[in-house]
Amino acid sequence: MRLSKLVGERLKDIPSDAKMKNHILLLRAGYMKQVANGIYSLTALGQKACLNIENIIRDEMNSCEGQEVKFPVVMPKELWDLSGRYSSIGSEMVRFVDRTNRPMLLGMTHEEAAVHLAKNWVNSYTQLPCMIYQIQTKFRDEPRSRGGLIRVREFTMKDAYSFHITQDDLEDYYDVMFKAYERIYKKIGLKNVISVKSDNGMFGGNASHEFMYLNPMGEDELVICPHCSYRSNQEVAESKIYEKKIEEMLPLEEIYTAQAKDIAEVSKFLKIDSKDCVKAVVFAIKGETGSVVCFIRGDREVNETKLRKLCKKEVVPYDATNDSEFCAGNIGPLNLKAKNTQIYFDLSLKDRNNLVTGANRAEYHLVNFNIERDYGNVEYVDISKVKSGDLCPICGKELEISNGIEIGNIFQLGTKYSKSMGMFVKTKDGEEINPIMGCYGIGVGRNLACVVEENSDENGICMPLSIAPYKVHIVPLRLDDDNVSSVSSKLYHDLQLQKIEVLIDDREVMAGVKFADADLMGMPIRVLISPRSLKNNEMEIKLRKTGETIMVSTNNALSKILEIMDTNKNI
RNA sequence: CGAAAUAUAGCGCAGUCCGGUAGCGCGUGCGGUUCGGGACCGUAAGGCCGUGGGUUCGAAUCCCACUAUUUCGACCA
């Protein structure tokens with residue numbers, strides 16, 4: 001490709017909308033252009049990089065006996081009614097009607113399509129296990145996209161679906177996919193990746209893991225044990241937070257606490273540790289009247305995912321300030337007047353006494369509150385977020401919290417979809433069962449964004465060889481020099497004959513401009529051809545990532561480039 | 001969906017307070033001098049000032065509504 005013809009402008013200024021490094025660089029280097037909120041066009045650079053990632057994924061899926069298929073982007077409502085997800089998924093799914101007024105939707109995931117495709121020709125255990133996958137556009141009407149390709153509404157993703165007779169068989173295959181994912185991240189140039197236990201969310205099912213690219217800008221909070229293998233998404237993380245503090249019970253007393261409302265104010269007012277306070281957190285139930293009140297130790301936060309699972313309702317944080325049912329700022333278990341309320345006590349309150357809690361009366365709190373003595377026996381449940389310094393549920397040592405970007409996930413679905421959609425296979429014994437399913441996703445663009453996040457410097461992107469849109473970037477200086485012109489165009493054609501993707505900077509501009517653009521776009525191998533080096537019949541090969549420079553004779557340039565590409569798969 | 005900000009040339013921005021027919025830098029075309037890290041000189045093109053309404057002799061500027069984008073929060077496989 002001739003750079004002068006390459007569509008997509010390179011920007012000197014930082015686009016004012018971009019915050020994350022990958023977003024800034026992909027825009028500045030001309031890999032993509034925003035069309036609308038969370039919707040981008042890719043240029044040839046962006047598309048080639050994505051295709052390279054897709055092909056790495058494709059190879060790995062094929063090596064796991066996957067069969068590449070293609071599901072439709074648009075599906076009829078009835079298909080999704082079978083699984084119940086047409087109604088259970090909210091406005092992130094785009095719904096519309098076709099011209100005959102038939103309700104349709106845009107695919108945001110394809111479990112239903114996968115079962116629909118497989119159910120009619122998979123009838124016997126002899127056909128299982130099998131896996132089908134696709135690489136295709138998904139649309140999710142995200143309420144808030146951000147970070148360039150990190151979180152978008154329209155994106156390309158590989159999604160795979162496997163079918164099994166037994167749970168053991170699924171687990172074996174799950175492990176095969178787990179390892180394939182690890183190879184994929186390594187190949188595309190992402191090192192800082194870990195896997196964590198995750199929530200099953202709208203998929204339902206049993207075990208699931210997310211692959212996380214560790215990054216402080218990541219939207220997911222991860223709980224990691226540095227001492228053992230425990231790694232979990234905060235949503236489902238557990239910890240030992242049990243800190244007994246049992247003293248002689250003192251008499252319950254109502255005291256004036258003025259305007260002190262939140263835990264920070266109350267503990268400061270009373271000069272006590274926030275761990276000795278009972279925090280009340282109120283949630284509303286989506287689509288229903290009534291509320292959920294959680295009591296938790298003052299220094300801790302409620303994990304909404306855990307709470308949702310526990311009460312089996314969609315709960316959302318609720319501002320009780322103007323609700324006369326509650327005396328906001330002074331809510332406590334004792335004398336709580338609110339009706340139609342579920343109450344939960346977090347484990348963090350167990351075996352602690354002489355606590356401070358709201359008196360359900362403005363400007364008053366109770367001190368020396370002892371749950372069993374003053375309120376009664378309660379069942380303590382785990383609804384707490386894990387905090388840094390909590391103890392690992394496996395090894396008991398201190399946990400750490402990190403942020404990560406989800407770059408892939410694998411789920412054990414169980415029979416949720418095969419059952420609801422009536423897919424049956426006959427076992428060896430002639431029994432008809434619903435096959436057990438797994439599903440496995442990777443977002444292509446998000447992975448590209450993470451690769452750029454990890455592989456860049458102050459001058460621009462350092463594309464890994466494996467996914468670089470062009471492997472070699474020829475930079476001829478002084479194209480008005482006949483020798484430079486002919487030597488560089490010969491190398492250009494020779495590389496093309498070798499089927500190597502090559503970019504040549506055929507613009508008659510100053511050296512600095514060419515260098516800056518080459519750094520920005522980030523092709524891994526740069527070949528500099530100039531009158532100066534040609535005097536010695538040489539050209540200069542420079543590796544973008546390491547800065548390493550190799551002088552090579554004109555005759556040996558091609559073979560040297562091939563050698564570099566062969567031996568430096570990791571540049 | 002809640003809070004805030006922004007919207008002027010391809011990109012980055014000034015002009016808005018205090019109304020008088022739009023400017024800077026980069027980029028782009030042309031001519032020239034340069035040219036191994038974004039060089040310089042000259043010259044030219046490029047804007048319905050987000051959209052709609054209002055006030056006014058006159059609106060980028062004041063008022064109202066809407067829309068889009070961004071940030072924070074809510075939400076989210």
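In the text below, chain A, chain B and the rest are named by the order of the sequence lines, each starting its count at 1. We use all heavy atoms of the structure for the numbers below, so side chains are in, but hydrogens, waters and symmetry mates are not.
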* At under 4.0 Å between heavy atoms, what does Phe155(A) touch on the DNA or RNA strands: base, sugar-phosphate, or nothing? -> base
* Does a sphere of radius 6.0 Å around CD1 in Ile39(A) hold more than 12 heavy atoms from other residues, nucleotides or ligands, not counting ones at 6.0 Å or beyond? -> yes
* C17(B) and G53(B), which share atom name C1', separated by this distance in whole Å -> 24 Å
* Asked: So what does Arg28(A) touch, heavy atoms closer than 4.0 Å: a base, only the sugar-phosphate, or nothing?
  -> base
* Establish, for the pair Lys77(A) and Tyr86(A), whether the NZ or CZ atom is under 6.0 angstrom from the six-membered ring centre and no further than 45 degrees off its axis. => yes
* To do: Please confirm whether Phe211(A) and Tyr181(A) have ring centers closer than 6.0 angstrom.
  => yes
* With sugar-phosphate meaning primed atoms plus P, OP1 and OP2, does Asp480(A) contact a base, only sugar-phosphate, or nothing at under 4.0 Å between heavy atoms? -> base
* Establish, yes or no, whether a centroid distance under 6.0 Å links the rings of Tyr161(A) and His110(A). => no
* Asked: Using a cut-off of 4.0 Å on non-hydrogen atoms, how would the nucleic acid contact of Ile14(A) be classed: base, sugar-phosphate, or nothing?
  -> sugar-phosphate
* To do: Identify whether the distance between the nearest side-chain nitrogen and carboxylate oxygen of Arg183(A) and Glu60(A) falls below 4.0 Å.
  => yes
* To do: Pick base, sugar-phosphate or nothing for Pro531(A), based on heavy-atom distances below 4.0 Å to the nucleic acid.
  => nothing
* Structure fact -> Between Glu219(A) and Asp17(A), the residue closer to the 5' end of RNA chain B by nearest nucleotide is Asp17(A)
* **Most 5' of Glu9(A) and Asn37(A) on RNA chain B, judged by nearest nucleotide** => Glu9(A)
* In whole angstrom, give me the gap between the P atoms of A4(B) and A65(B). => 14 Å
* Asked: What nucleic acid atoms does Glu210(A) come within less than 4.0 Å of, heavy atoms only: base, sugar-phosphate, or nothing?
  -> nothing
* Looking only at atom P, what distance separates C26(B) and G58(B), rounded to whole Å? -> 39 Å
* Checking all strands, does Arg308(A) fall into the base, sugar-phosphate, or nothing category for heavy-atom contacts under 4.0 angstrom? -> sugar-phosphate
* Asked: How far does the P atom of A39(B) sit from the matching atom of G27(B), given to the nearest Å?
  -> 7 Å
* Base, sugar-phosphate, or nothing for Ser533(A), non-hydrogen atoms under 4.0 angstrom? -> base
* To do: Assign Glu235(A) to base, sugar-phosphate, or nothing according to its heavy-atom contacts below 4.0 angstrom with the strands shown.
  => nothing
* To do: Select base, sugar-phosphate, or nothing to describe what Met157(A) touches, counting heavy atoms under 4.0 Å on all strands.
  => base
* Asked: Heavy atoms under 4.0 Å, any strand shown: does Lys542(A) hit a base, just sugar-phosphate, or nothing?
  -> base
* **N/O donor-acceptor pair, side chain Ser530(A) with base G36(B), under 3.5 angstrom** => yes
